[in-house]
K.L.:
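One structure, as structure tokens, below. Some questions next.
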Amino acid sequence: MTPLEETTFFGYLRWIPALPLIGFLINIFSARGETGHGRASKVHWIACLAPFGSFLIALLSFSRLLELAPEARRLTDTVFTWIAAGDFTANLSFSMDPLSAVMTLVVTGVGFLIHVYSVGYMHGDRAYARYFAYLNLFMAMMLLLVLGDNLLLLFLGWEGVGLCSYFLIGFWYEDPEKAYAGLKAFVVNRIGDFGFLLGIFLLFWSLGQKGIWTIDFHTIQAHASLLSPTVITAICLLLFMGAMGKSAQFPLHVWLPDAMAGPTPVSALIHAATMVTAGVYMVARMHFLYVTSDFAMQWVAWFGAFTALFAATIGICQNDIKKVLAYSTVSQLGYMFVGVGVGAYAAGIFHLMTHAFFKALLFLGAGSVMHAVSGETNIQKMGGLRSKMPWTFGTFLIATLAIAGFPPFSGFFSKDEILWQAYASGHGSTALWAVLWIGAAITSFYMFRLTFLTFFTKPRDHHLHDHAHESPSVMTIPLALLAVGAAVAGFLGIPDSWGLGHNLFEGFLEPVFGKPHPGGHFSHSTEALFVGLSVAAGLAGLILAWVFYVRSRDIPVRLARSFPLVYRILLNKYYVDEIYDFLFVRPIRVLSEKIFWKILDAGIVDDGMVNGTARFFQGAARLLRRIQAGDVQSYGFAMIVGVLAIVGFMLLQ
Amino acid sequence: MIQAIAFYLFAATAVVFALLVVAARNPIYSALSLIGCLFAIAGIFALNSAHLVAILQILVYAGAIMVLILFVIMLLNLSPEELGKPVFNTRKVLAVFLLAAGGALLIGRLGTKVWGSLPAADDRFGSIEGVGMVLFTQYLLPFEMVSLLLLAAIIGAALLSRRERGDRS
Amino acid sequence: MTHESLVLSIILFAIGVIGFLVRRNAIVVLMSVELMLNACNLAFVAVSRQLMDMTGHIYAFMVMTVAAAEAAVALAIVVLIFRTRGAVNLDQINIMKG
């Protein structure tokens with residue numbers, strides 16, 4: 001596979017991440033004593049214009065990209081040489097090829113809408129400026145991640161978004177639980193990053209052994225064939241460990257549900273549309289390594305599939321509106337990994353894009369609902385809100401239909417493509433497809449459960465219902481725009497076999513990925529069969545949810561009572577957090593407190609060395625102080641002793 | 001011959017009175033013993049042909065300084081020291097022993113009869129004329145400086161003992 | 001004579017030092033200092049006689065003068081101390097301790 005050899009210089013690329021960075025710098029220094037009124041208007045204008053500016057430049061870059069021939073679609077912008085050490089150089093340089101173009105447009109577009117929504121959602125918050133500053137910083141880091149031309153910049157952005165995630169999850173840090181959630185996210189991410197770093201080191205070193213010292217994607221891709229298959233597999237698995245942490249795949253998924261402690265727009269932006277997709281992007285970016293390792297691809301695909309099913313099962317029992325969406329995100333990310341795991345990179349990225357639309361929409365809608373019911377998140381207490389908040393309801397419904405895979409919405413096309421490739425691709429299998437198919441049915445079920453309990457049926461808490469109101473337009477307009485995306489974005493990826501023309505999306509990404517390899521020859525009717533099965537899964541979920549939650553409300557209650565153990569396991573997310581706490585957190589905590597802190601730090605360093613030095617000098621001083629007795633005769637005595645000593649010495653010579 | 005007897009007489013007197021200075025309980029006794037000691041030393045000065053110095057010793061030292069000290073003792077009404085027995089502490093005992101040892105060492109080192117007999121001396125040596133000749137020619141500067149020193153001492157003493165307002169006694 | 005004078009000087013000086021270190025009364029300490037000074041004068045004079053140089057006499061002269069000045073000022077200070085403290089016991093005068 002020949003990489004995009006030819007590149008065109010495009011100096012505006014650097015402004016895409018630079019504008020939000022400038023926004024961050026301006027806002028972070030005016031972050032004292034801000035509220036949602038008055039002076040704050042300066043804050044949100046700066047904060048929203050920055051990503052909008054990035055979006056415009058991204059569009060400009062995109063159009064410039066389209067002007068070029070498909071094989072030459074790569075823009076670069078080298079700012080300066082960062083590291084120059086002998087043979088090795090690493091530059092601060094950005095490049096946009098079709099893959100990063102898609103990512104950039106998604107990030108800036110959805111990001112901008114979420115910024116606008118935040119103006120309404122965070123109105124009146126005491127730390128208004130700090131919020132927008134961090135949000136802008138996040139955008140800058142994410143754009144650095146997707147536009148970076150080498151692994152170093154990607155990792156820099158990777159860590160940067162992790163940092164911003166910590167800041168934003170623990171935004172209301174005065175509540176210790178929320179602060180702890182931020183910490184948990186960061187620490188779990190770090191565990192993944194450990195593997196990620198090892199992968200990068202291994203890659204760098206292995207290529208270096210062959211004489212190629214580089215960290216640029218382009219150069220690595222050109223020389224990837226020099227590496228042995230074992231090394232490549234090891235690198236791929238290690239890199240995937242980073243993806244597991246960042247994209248919340250099992251077993252490093254535990255931070256994402258807790259991350260819901262942050263403001264809802266943060267959940268929408270970071271934990272649905274952009275940051276968590278960085279892992280998928282990374283695998284896609286390093287596709288040239290993964291395609292050479294069957295084992296790594298199977299590993300990625302099956303981990304993704306397992307996570308997809310695992311998270312979906314947890315979602316059906318959760319009662320917190322944001323937690324349901326969090327597990328849904330984990331599940332959908334699993335789908336994306338299956339896509340890239342079976343070699344259908346374009347399909348995985350396509351699902352990434354559509355997911356960004358409908359998941360952000362779902363989260364923002366949830367935020368709108370929470371706004372209306374004074375912060376309540378328990379769906380068991382909601383109900384009948386569709387008459388009170390028509391816009392929120394309408395957009396939420398569209399998003400639900402999309403995620404459940406109903407045509408003609410976007411989710412149908414992207415999810416169906418992944419399911420098909422899971423079966424048909426050279427790396428796929430029927431078993432893989434089956435897991436995903438069941439997962440799709442469950443996804444539809446829990447999403448409609450969420451919708452029905454929140455918007456339909458009779459309200460269970462009348463007090464909340466009476467006070468519910470539609471959100472201001474600064475919040476509902478982004479909802480509407482995202483709904484448009486969730487509805488029609490699918491048409492970019494209509495498969496070739498439908499005879500309606502080329503799959504635009506796949507074609508656009510072809511120079512990067514090449515064509516997917518089918519595992520055999522499949523007829524159109526087989527494909528149609530699978531499409532039908534996908535739709536059937538969605539319908540099954542919908543009908544089941546309707547029966548359970550609209551028709552006869554006591555079925556779920558009776559089921560929970562009949563299978564109490566199953567219900568409890570699902571409700572408690574398979575007790576994974578508790579297991580981790582027992583296996584890792586508690587031992588380390590005991591170790592840190594009892595040994596590292598009490599003995600080593602407080603005892604030896606603090607008391608022994610620091611205080612000990614002081615004590616030593618105190619004692620010495622106490623001894624020496626006796627010389628100054630304060631009376632003349634002692635001084636005289638000392639003098640006489642000295643004189644006698646000298647005289648005696650001279651005399652006895 | 002007479003010189004030797006005179007010397008040993010004066011020397012013994014000096015030592016006895018010196019011991020009395022150190023040992024006497026009553027400060028008046030100490031002062032008076034010191035006067036006696038000074039007289040004896042003046043005698044030895046004279047034996048060493050330091051006639052002017054001997055006279056000055058009696059006039060200035062014994063006559064002025066000691067009188068001043070006596071005045072102060074009587075002004076302050078110092079009583080004999082309260083404690084009958086002196087307080088023994090390490091310092092004092094050690095001092096005595098060290099000094100005894102040091103003194104013995106020095107004397108021993110001095111040997112016997114380091115120098116031979118005294119050279120001949122005329123009348124002028126050690127007389128007023130002799131001292132004056134040297135004092136106002138060779139050692140004029142120290143002479144002047146010492147007068148300044150005395151001026152400073154006068155002013156200092158006068159200033160220090162000035163009675164401030166609100167002082168007791 | 002010179003030899004004997006020097007030995008006497010050493011003895012007197014030693015006695016003076018012992019008095020300086022042992023006695024508690026300030027004025028007696030001062031007198032011990034005078035004793036020491038005299039012992040030095042004696043040494044000067046004896047050696048000067050031996051070497052037939054008038055310098056020794058001049059030294060003795062100067063020492064005497066300085067002793068006078070010093071005695072005056074020292075006594076003034078003792079008077080002051082007596083005024084503020086009521087006693088001249090050297091054991092009690094150690095404000096500069098430590």
Side-chain angles (χ1 to χ4, degrees), chain B residues 3 7 11 14-15 18-19 21-22 27 30-31 34 37-38 41 44-45 47-50 52-53 56-57 60-61 64-65 68-69 72-73 76 78 81 91-92 95-96 99 103 106-107 110 113-115 118-119 121 125-126 130-131 134-135 139 142 146 149-150 153 156-157 160-161 167 169, chain C residues 1-8 10-19 21-25 27-28 30-32 34-35 38-39 41-42 45-46 48-50 52 54-58 60-62 64-73 75-80 82-83 86 88-89 91:
Chain B
Q3 275 206 324
F7 177 82
V15 172
L19 287 170
V21 168
V22 171
S30 283
L34 187 56
C37 184
L38 291 173
I41 293 177
I44 301 182
F45 282 161
L47 282 172
N48 273 312
S49 311
L52 179 64
V53 181
L56 281 178
Q57 170 98 332
V60 172
Y61 231 121
I65 297 176
L68 179 62
I69 289 179
V72 172
I73 292 174
L76 300 185
L78 292 177
E81 291 181 358
R91 186 186 74 216
K92 294 180 186 172
V96 173
L99 280 157
L106 266 174
I107 294 172
L110 224 46
K113 297 269 188 249
V114 178
W115 278 297
L118 287 174
F125 184 81
V131 174
V134 187
L135 186 62
Y139 297 105
V146 108
L149 178 70
L150 282 171
L160 278 173
S161 45
D167 244 347
S169 90
Chain C
M1 173 108 73
T2 309
H3 177 82
E4 289 91 347
S5 300
L6 286 175
V7 170
L8 177 63
I10 290 170
I11 293 174
L12 287 177
F13 189 85
I15 294 174
V17 174
I18 291 176
L21 294 178
V22 169
R23 293 301 296 262
R24 279 176 303 157
N25 192 319
I27 304 211
V28 176
L30 183 63
M31 288 195 277
S32 307
E34 303 293 344
L35 187 52
N38 270 286
N41 272 353
L42 183 54
V45 163
S48 151
R49 177 67 178 89
Q50 174 69 37
M52 289 305 285
M54 287 304 290
T55 309
H57 292 229
I58 305 297
F61 188 82
M62 298 298 161
M64 229 180 283
T65 319
V66 170
E70 167 237 338
V73 177
L75 287 168
I77 291 175
V78 167
V79 168
L80 264 182
F82 184 77
R83 262 200 223 141
V88 283
N89 190 336
D91 284 349

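Keep in mind that what you see is a predicted model, and the values were worked out from it rather than measured. Lettering of chains follows the sequences in order, A, B, ..., and the numbering in each one begins at 1.
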K.L.:
So do the side chains of B/Leu135 and C/Met62 get within less than 4.5 Å of each other, counting heavy atoms only?
P.N.:
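When only atoms from C-beta onward are counted, C/Met62 and B/Leu135 do touch, with a gap below 4.5 Å.
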
K.L.:
CD1/B/Ile107 to CD1/C/Ile10 distance, rounded to the nearest 0.5 angstrom?
P.N.:
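Taking CD1 in B/Ile107 and CD1 in C/Ile10, the distance rounds to 5.0 Å.
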
K.L.:
Give, as side chain, backbone, both or neither, the part of B/Leu47 having an atom under 4.5 angstrom from any heavy atom of chain C.
P.N.:
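Looking at B/Leu47, backbone and side chain both touch chain C.
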
K.L.:
For chain B, find which of C/Met54, C/Met64, C/Arg49 contributes the most heavy-atom pairs closer than 4.5 angstrom.
P.N.:
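Among C/Met54, C/Met64, C/Arg49, the one with the most close pairs to chain B is C/Arg49.
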
K.L.:
Please rank B/Gly103, B/Pro142, B/Cys37 by heavy-atom pairs under 4.5 Å with chain C and give me the top one.
P.N.:
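Ranked by contacts with chain C, first place is B/Pro142.
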
K.L.:
C/Ala39 versus chain B, heavy atoms under 4.5 Å apart: side chain, backbone, both or neither?
P.N.:
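Neither part; nothing is under 4.5 Å.
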
K.L.:
May I ask you to decide if B/Val22's main-chain N or O and C/Arg23's side chain share a donor-acceptor pair within less than 3.5 Å?
P.N.:
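Indeed, once roles are kept as given, a pair shorter than 3.5 Å links the two residues.
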
K.L.:
At a 4.5 Å cut-off on heavy atoms, which part of B/Gln57 comes close to chain C: side chain, backbone, both, or neither?
P.N.:
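Looking at B/Gln57, backbone and side chain both touch chain C.
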
K.L.:
Is any side-chain heavy atom of C/Leu42 closer than 4.5 Å to one of B/Phe45?
P.N.:
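In contact.
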
K.L.:
State which residue, out of B/Ile69, B/Ile73, B/Ile65, fulfils the side-chain contact (heavy atoms from CB on, under 4.5 Å) condition with C/Leu75.
P.N.:
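Of the listed options, the one satisfying the test is B/Ile69.
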
K.L.:
Counting heavy-atom pairs under 4.5 Å to chain B, which of C/Ile77, C/Leu8, C/Ile58 comes out on top?
P.N.:
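Most pairs with chain B among the choices: C/Ile58.
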
K.L.:
Do C/Phe13 and B/Leu99 pass the side chain to side chain contact (heavy atoms under 4.5 Å, CB included) test, and can you show the C-alpha distance, the side-chain angles, and the key distance before you say yes or no?
P.N.:
CA-CA 10 Å; C/Phe13 189 85; B/Leu99 280 157; 5.8 Å; no

K.L.:
Is there a side chain to side chain contact (heavy atoms under 4.5 Å, CB included) between C/Thr65 and B/Leu149? Walk through the geometry before answering.
P.N.:
CA-CA 9 Å; C/Thr65 319; B/Leu149 178 70; 5.9 Å; no

K.L.:
C/Ala60 versus chain B, heavy atoms under 4.5 Å apart: side chain, backbone, both or neither?
P.N.:
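Contact with chain B: side chain only.
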
K.L.:
Could you go step by step and tell me if B/Leu52 and C/His57 meet the side chain to side chain contact (heavy atoms under 4.5 Å, CB included) rule?
P.N.:
CA-CA 9 Å; B/Leu52 179 64; C/His57 292 229; over 6 Å; no

K.L.:
Let me know if C/Leu12 has heavy atoms under 4.5 Å from chain B in its side chain, its backbone, both or neither.
P.N.:
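The side chain, not the backbone.
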
K.L.:
In Å, rounded to the nearest 0.5 Å, how long is the span from CD1 of B/Ile41 to CG of C/Asn41?
P.N.:
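Atom-to-atom, B/Ile41:CD1 and C/Asn41:CG are 8.5 Å apart.
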
K.L.:
So which of C/Val73, C/Asn38, C/Leu21 has the biggest tally of heavy-atom pairs under 4.5 Å with chain B?
P.N.:
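Of the options given, most contacts go to C/Asn38.
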
K.L.:
On a heavy-atom basis, which atom in C/Ala72 and which in B/Ala157 lie closest, and how many Å separate them?
P.N.:
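Taking every non-hydrogen atom into account, O-CB, 4.2 Å.
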
K.L.:
Contact part of B/Leu56 toward chain C, heavy-atom cut-off under 4.5 Å: side chain, backbone, both or neither?
P.N.:
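Interface part for B/Leu56: both.
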
K.L.:
Would you mind telling me which of B/Val131, B/Val21, B/Val60 has the largest number of heavy-atom pairs within less than 4.5 Å of chain C?
P.N.:
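Greatest number of close heavy-atom pairs with chain C: B/Val131.
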
K.L.:
With side chain to side chain contact (heavy atoms under 4.5 Å, CB included) as the test, would you mind laying out the steps for C/Val79 and B/Leu160 before giving the verdict?
P.N.:
CA-CA 9 Å; C/Val79 168; B/Leu160 278 173; over 6 Å; no

K.L.:
Would you mind checking which part of B/Ala64 comes under 4.5 Å of any heavy atom in chain C, side chain (CB onward), backbone (N, CA, C, O), both or neither?
P.N.:
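Contact with chain C: none, neither part.
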
K.L.:
Tell me, for C/Glu70 versus chain B, whether the close heavy atoms (under 4.5 Å) come from the side chain, the backbone, both or neither.
P.N.:
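The answer is neither part of C/Glu70.
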
K.L.:
What pair of heavy atoms forms the shortest contact from C/Met31 to B/Ser30, and how long is it?
P.N.:
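What the structure gives for the nearest pair is CE-CB, 3.5 Å.
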
K.L.:
Please look at C/Ile18 and chain B and tell me whether the side chain, the backbone, both or neither of the residue comes under 4.5 angstrom of a heavy atom of that chain.
P.N.:
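C/Ile18 touches chain B through backbone and side-chain heavy atoms alike.
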
